[in-house]
Every structure is written in C-alpha cells, then in structure tokens.
Amino acid sequence: MSLLQPSALVDRLREVGARRYHDRHPFHLRLHSGGCGKGEVQAWALNRYAYQAAIPRKDAGLIARLDDPAMRRAWRQRLIDHDGAADGEGGIERWLRLCESLGFNRDEVTALKGVLPATRFAVDAYVAFVRERPLLEAVASSLTELFSPQVIKTRVSGMLAHYDFVSAESLAYFTARPEQASRDVESALAYVAAHATTREQQDAVVAALEFKCDVLWAMLDALDHAYGAAGQIPPGAFEPGARG
C-alpha cells in the first residue's frame, strides 16, 4: 500500500473520531442532554478525575523520550496547563473544584477513593501505552484532542441547561480547554506528519488513536454499567446518595 499524503492521513484520523470517539457513547449522550441523575454526574466527575490526574504523568514520561528540544518545550506546556505554574492553578485544580462543588472531599478525590476498577485499569493502560510503545505512537495517541473542542462546547451548554447543581464557575475547567487542545493538536500532528514516513508507521498512528478512543470508551462503559440502568456498582466504588 502506498504512502498517504499528510492530508489523507489526517482524513483517516478524523474518520477514527467520527466512528469511535466517546462523544457517541450512550452515557455521554445522556450526560449532555440532561438524562443523568446527580449521582451519575458525580460518578462521572470522580472517575474522570482519575484520568485528568494521570495526564501530567503520561506527558512527563513522553517528554523524557523526546530528543528534540523544541518538541520538549511544546509538550512541556501541557504539564503547565494541567498542573499549573503554581499551587491553586491548572486544569487538575479546576477539576478538583468541580468535584468539591458536587459534594466530594478533595483529599478523598485525590486519593481516588471510590473510583471504578475499570477506570483505574483504563487509565493505567493509557499511561503504559505512552511509556512503552514507539514514540510516534505515543504522540499519536494524544490526537483525540482533534475532536474535543466541539464536544466541550456541547457538554458545557448541555449541562448548564439541564442541571441546576452545576454552574459556569464549577465547569471552569472547560473554559481554556478548546484553545489548549487546538494548540496541542497542531504540534502533535506536525510531529506525526514528519515522522510517519512509511505506510506501516501511518497505520500504526491510526491504530494508536483507535487505542486511545478505546480507553475513553471503556471508561464510559464502566460508568454506564455501574450507574446506569444495570446499576452494577462494584464493591468499594462510589455510591450515589452518599454525597450532597
């Protein structure tokens, strides 16, 4: 099979998002349209924190593998975005404030108390993928950010419209994310275009993005199974009704 032109490779990546990104998951559709109860929203925020908290660890591991100083500088901004430049700043801090606004104790959230086992496995699988797979695939796995800006807009508008227990202030994490995601995608796509120089490598890039979509989908599968109609909450996981 012949080498794809960069624009054709991007088209393939966007096709992955159209088919497999988690905005299509039934749990997200309910979350954004007001179909979730407060307990489900709490469970989503708590479990998503486990993912958010792992992102800087994932990115730090990737930076350690980069030989190019310019790429390290570009990727380092992701650490600042999530960890902040000082205490009380950054995306993780804003996500903790969302959890607190939903009735959680900060220390319990940071300890991942009540997080679903499947969430832990999915997050650990993503961190391990970025650490262990070829660098090109590790970079490509971040490209779900191609699809996130529009989803964020839908999420925020839908949640504000349907849930009186959230506010623009509590959803402040999402304010900066569309611009940050667009910037991050630009550098990651440039790297992929420059380094995926064989069709085999291009196919591996697409597979890496599919893997990342699977991680996000699996997390929502777990939420839906535990807190949706099935109601199969595993031992030790968050129980709705236990928080305000």
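All of these numbers come straight from a predicted model, not from anything done at the bench.
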E137 and F129: which non-hydrogen atoms are nearest, and at how many Å? O-CE2, 3.6 Å
Tell me if a side-chain donor or acceptor on E186 pairs with a main-chain N or O of R183 at a distance below 3.5 Å. no
Proximity of F104 and F238 rings by center, below 6.0 Å: yes
Indicate yes or no: at least one non-hydrogen side-chain atom of L136 is less than 4.5 angstrom from one of Q201. yes
A side-chain contact here means heavy atoms from C-beta on lying under 4.5 Å apart; do R12 and D203 qualify? yes
Less than 3.5 Å apart, any donor N or O on the side chain of Q202 or T198 sitting next to an acceptor on the other? no
Evaluate the side-chain proximity of L102 to V41: yes if any heavy-atom separation is below 4.5 Å, no if none is. yes
Keeping the roles fixed (side chain from S142, backbone from A138), state whether a donor-acceptor pair exists under 3.5 Å. no
Test your reading of the model: is there a side-chain donor-acceptor pair from Y163 to the backbone of L31, 3.5 Å cut-off? yes
Kindly write out the residues that satisfy side-chain contact (heavy atoms from CB on, under 4.5 Å) with P56, not counting sequence neighbours, or none if the list is empty. L79, H82, D83, I92
Does any non-hydrogen side-chain atom of V151 lie less than 4.5 Å from one of H32? yes
Per the side-chain hydrogen bond (donor to acceptor under 3.5 Å, both in side chains) rule, which among R97, R48, Q52, R94 passes with Y173? Q52
Is it possible for you to check whether R72 lies under 6.0 Å from the centre of the six-membered ring of W75, through NZ or CZ, and within 45° of that ring's axis? no
Using only atom types and a distance under 3.5 Å, with no angle test, would you say the side chain of R24 pairs donor to acceptor with the backbone of A18? yes
Give a yes or no answer on whether the side chain of T119 reaches the backbone of V115 with a donor-acceptor pair at less than 3.5 Å. no
What about H25 and W217, are their ring centers closer than 6.0 Å? yes
Do W95 and F174 have ring centroids that are under 6.0 Å from one another? yes
